[in-house]
Amino acid sequence: MEKLKILVVDDESRMRKLVKDFLVRKNYDVIEAENGEEAIDTYFSNKDIALIILDIMMPKLDGWQVCREIRQYSKVPIIMLTAKGDEKDELLGFELGVDEYISKPFSPKILVARVEAVLRRTSATDMDVIEIGGIVLDKAAHQVKIDGENVDLSFKEFELLTYFVVNKGVALSREKILNNVWNYDYFGDARTIDTHVKKLRSKMGQKGDYIKTIWGLGYKFEVDS
């Protein structure tokens with residue numbers, strides 16, 4: 001089986017080596033970049049990259065700029081690394097389509113676990129197409145159409161909508177959503193989910209009303225009769 005290729009972007013060579021060593025042990029093929037410009041050049045010359053681990057604070061171009069540039073052309077999963085613990089940074093990352101967000105210092109084993117969780121979701125071979133209430137959700141193509149029109153969702157928004165649709169009519173707690181959509185025990189707060197739901201509802205237009213808020217618990221996906 002061909003190794004999955006991961007791009008590790010960090011201006012600290014020690015950090016790149018640490019991350020690379022742990023990923024190589026798990027049989028991943030790792031490419032390195034030491035600044036934002038090199039990251040963009042490397043990504044676009046290696047279209048088979050399966051995932052990017054991206055530091056924020058870098059010379060030439062920072063992680064935000066790199067993320068914005070890549071997101072114009074690709075939904076490749078991105079895990080953002082940062083030394084900052086600022087909530088505004090985390091929310092900005094999710095708004096830009098970052099899939100995971102890890103603050104330094106972190107456990108390399110946890111990083112690898114999150115890499116594997118993201119890749120499991122992106123490489124899933126489930127070919128199902130779900131149609132419900134004017135929504136057509138194509139898991140294989142990672143594509144959503146509402147009333148025949150394509151809706152551009154980030155990777156995490158697509159996963160969230162899929163989870164809601166698959167569990168239609170079921171009251172889902174925020175904890176359950178985090179553990180299933182983010183696929184690890186998330187130690188942040190509920191605002192991560194609420195931010196994603198707000199953006200998802202907005203992109204879905206009137207169909208966003210299918211996502212009902214259950215006060216004090218979480219959300220439920222229900223198609224109005």
Side-chain angles (χ1 to χ4, degrees), residues 1-43 45-67 69-71 74-94 96-124 154-156 159 175 177-189 192-193 196:
M1 183 177 174
E2 190 176 345
K3 293 181 181 180
L4 290 176
K5 193 177 290 184
I6 296 176
L7 173 59
V8 177
V9 188
D10 197 303
D11 60 326
E12 294 182 52
S13 58
R14 180 188 61 83
M15 181 61 68
R16 293 198 308 274
K17 184 178 187 308
L18 175 69
V19 173
K20 180 177 181 177
D21 287 348
F22 273 82
L23 290 172
V24 167
R25 282 182 216 164
K26 290 290 186 175
N27 207 35
Y28 293 108
D29 185 9
V30 177
I31 305 174
E32 298 179 48
E34 64 180 20
N35 60 59
E37 285 184 359
E38 186 181 342
I40 290 172
D41 290 343
T42 302
Y43 176 74
S45 59
N46 290 272
K47 289 298 181 65
D48 58 342
I49 287 172
L51 182 141
I52 300 172
I53 297 174
L54 180 62
D55 188 35
I56 292 179
M57 304 301 289
M58 292 185 298
K60 298 190 178 180
L61 290 176
D62 65 21
W64 302 130
Q65 293 168 293
V66 174
C67 185
E69 180 70 21
I70 289 174
R71 277 289 174 263
S74 170
K75 291 192 183 337
V76 62
I78 296 174
I79 296 178
M80 193 75 94
L81 304 180
T82 178
K84 296 179 180 177
D86 193 331
E87 184 184 84
K88 293 196 295 294
D89 279 344
E90 188 165 347
L91 291 173
L92 174 59
F94 287 132
L96 290 175
V98 172
D99 301 285
E100 303 286 8
Y101 192 100
I102 303 178
S103 296
K104 297 177 182 177
F106 55 84
S107 158
K109 289 182 180 178
I110 292 294
L111 175 63
V112 171
R114 294 189 188 182
V115 165
E116 291 179 333
V118 171
L119 289 173
R120 273 198 302 273
R121 297 197 295 269
T122 54
S123 62
S154 72
F155 173 76
K156 194 62 69 180
E159 294 295 307
E175 181 182 3
I177 295 168
L178 281 169
N179 287 337
N180 283 274
V181 177
W182 275 254
N183 215 21
Y184 62 89
D185 291 325
Y186 185 84
F187 295 107
D189 59 33
T192 297
I193 290 180
H196 278 78

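For residues 17-26, every residue pair satisfying the salt bridge (Lys or Arg N to Asp or Glu O under 4.0 Å) rule, not counting sequence neighbours, is listed here: Lys17-Asp21, Lys20-Glu32.
To the nearest 0.5 angstrom, Leu7 atom CG is 8.5 Å from Glu38 atom CD.
Considering every non-hydrogen atom in both Cys67 and Val98, the closest pair reads SG-CG2, 3.9 Å. Nearest approach of Ala50 to Pro77, heavy atoms of both residues: O-CD, 3.3 Å. Of all heavy-atom pairs spanning Phe22 and Lys109, the tightest one is CE2-CG, 4.0 Å.
Looking only at side-chain heavy atoms (C-beta outward), Val115 and Ile79 come within less than 4.5 Å of each other. At least one side-chain heavy atom of Val19 sits less than 4.5 Å from a side-chain heavy atom of Phe106. You'll find the side chain of Asp10 stays beyond 4.5 Å of the side chain of Glu34, heavy atoms only. Counting heavy atoms from C-beta on, the side chains of Val76 and Arg71 come closer than 4.5 Å.
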Using atom types as modelled, flag every donor-acceptor pair under 3.5 Å from a side chain in residues 51-62 to any protein atom, sequence neighbours excluded.
unit_1 : atom_1 : unit_2 : atom_2 : d
Asp55  : OD1    : Lys104 : NZ     : 3.2
Asp62  : OD1    : Trp64  : N      : 3.1
Asp62  : OD1    : Gln65  : N      : 2.9

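Remark: Lys5 engages Asp48 in a salt bridge, criterion side-chain N to carboxylate O under 4.0 Å.
With sequence neighbours excluded, no residue forms a side-chain hydrogen bond (donor to acceptor under 3.5 Å, both in side chains) with Thr42. Taking Ile110 as the reference, Ser107, Arg114 meet the side chain to side chain contact (heavy atoms under 4.5 Å, CB included) condition, with sequence neighbours excluded. Residues forming a side-chain hydrogen bond (donor to acceptor under 3.5 Å, both in side chains) with Tyr43 (at least two apart in sequence, or on another chain): Ser74.
Within 6.0 Å of the CD atom in Glu175, the count of heavy atoms belonging to other residues, nucleotides or ligands does not exceed 12.
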Go through it in stages, so that I can follow the logic: the residues are Met80 and Glu100, the test is side chain to side chain contact (heavy atoms under 4.5 Å, CB included), and I'd like the CA-CA distance, side-chain angles, deciding distance and then a yes or no. CA-CA 6 Å; Met80 193 75 94; Glu100 303 286 8; over 6 Å; no
Let's go through Leu119 and Tyr28 carefully: what are the C-alpha distance in whole Å and the side-chain angles of both, what is the deciding distance for side chain to side chain contact (heavy atoms under 4.5 Å, CB included) to 0.1 Å, and is it a yes or a no? CA-CA 11 Å; Leu119 289 173; Tyr28 293 108; 3.5 Å; yes
Could you give me the CA-CA distance, side-chain angles and deciding distance for Ile6 and Ile31, then say whether side chain to side chain contact (heavy atoms under 4.5 Å, CB included) is met? CA-CA 6 Å; Ile6 296 176; Ile31 305 174; over 6 Å; no
Show, in sequence, the C-alpha distance, side-chain angles and deciding distance for Asp29 and Leu4, and conclude whether the side chain to side chain contact (heavy atoms under 4.5 Å, CB included) test is met. CA-CA 6 Å; Asp29 185 9; Leu4 290 176; over 6 Å; no
